[in-house]
Each structure stands twice: as C-alpha cells, then as structure tokens.
Q: 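The following block contains the structure, expressed as structure tokens.
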Amino acid sequence: MAMATFATNRTTAGMSAGRMTSFFVSAIAAIAAWNDARITRNALSKLSARELDDIGLCIGDIDSIATRGAR
C-alpha cells in the first residue's frame with residue numbers, strides 16, 4: 001500500500017515568509033517616517049517667522065526640513 005505525502009514548505013501566493021515580513025517592516029517604517037515628518041511639519045508651522053528666524057529657518061524651509069529624515 002502506497003502512502004500519500006504532501007509538501008508543507010510552500011507558502012500561499014508564492015511569497016516566502018521572509019519576504020512578507022520584510023514587506024510589512026518596510027511598510028511600517030514608511031508609515032512611521034511619514035508620521036514623524038507630519039509632526040515636525042505641524043510643529044514648525046506653529047512657529048512665527050521671528051521664531052523660525054531665531055533657529056535659522058524660514059517658512060520655505062519647513063517642508064524640506066520635515067521630510068529630510070524620511071528619505
């Protein structure tokens with residue numbers, strides 16, 4: 001009598017567990033970077049032109065400063 005066997009090392013949709021984990025880690029990191037930039041942008045936007053000048057910035061610098069860490 002022949003015994004039936006089946007493979008247990010296959011994943012669904014052909015994506016390995018390592019690649020799925022890497023995908024989710026990358027997605028979470030992107031969300032965290034976006035949120036950090038949002039918080040920075042909001043905090044700097046609340047400062048007056050004088051306060052921004054005191055720290056060496058101007059209103060036009062806010063977007064570049066906020067997204068600097070996200071790249």
Side-chain angles (χ1 to χ4, degrees):
M1 183 162 149
M3 184 181 293
T5 62
F6 60 95
T8 59
N9 60 350
R10 295 184 188 182
T11 60
T12 59
M15 185 178 268
S16 70
R19 287 196 308 175
M20 286 181 69
T21 301
S22 176
F23 170 77
F24 286 115
V25 168
S26 296
I28 290 170
I31 292 169
W34 169 82
N35 193 48
D36 289 345
R38 182 187 64 83
I39 290 169
T40 301
R41 187 177 298 108
N42 288 341
L44 290 174
S45 295
K46 291 179 183 178
L47 299 177
S48 68
R50 170 67 189 202
E51 291 168 324
L52 287 170
D53 188 48
D54 285 346
I55 60 174
L57 299 174
C58 68
I59 293 171
D61 295 333
I62 292 175
D63 280 335
S64 65
I65 294 297
T67 57
R68 184 179 291 169
R71 293 180 196 167

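Counting begins at 1 with the first residue of the sequence.
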Q: Can you tell me how far apart CG (L44) and CG (D63) are? Round to the nearest 0.5 Å.
A: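 So the gap between those two atoms works out to 10.0 Å.
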Q: Counting C-beta onward and ignoring hydrogens, is there a side-chain heavy-atom pair between I55 and L47 closer than 4.5 Å?
A: yes
Q: Please indicate whether I59 has more than 12 foreign heavy atoms, meaning atoms of other residues, nucleotides or ligands, lying under 6.0 Å from its CD1.
A: no
Q: Just verifying a value: how many Å separate E51 CD and D53 CG, rounded to the nearest 0.5 Å?
A: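 E51 CD to D53 CG: 11.0 Å, rounded to 0.5 Å.
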Q: Atom CD1 in I62, atom OG1 in T67: separation rounded to 0.5 Å?
A: 11.5 Å
Q: What distance separates D54 CG from S48 OG, expressed to the nearest 0.5 Å?
A: 7.5 Å
Q: Hey, are the side chains of W34 and R38 touching, using non-hydrogen atoms and a 4.5 Å cut-off?
A: yes
Q: Ignoring hydrogens, what is the shortest heavy-atom contact between A37 and A66? Give both atom names and the distance.
A: CB-O, 3.2 Å
Q: Within the side chain of D61, is there an N or O that forms a donor-acceptor pair under 3.5 Å with the backbone of C58?
A: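 Checked: pair present.
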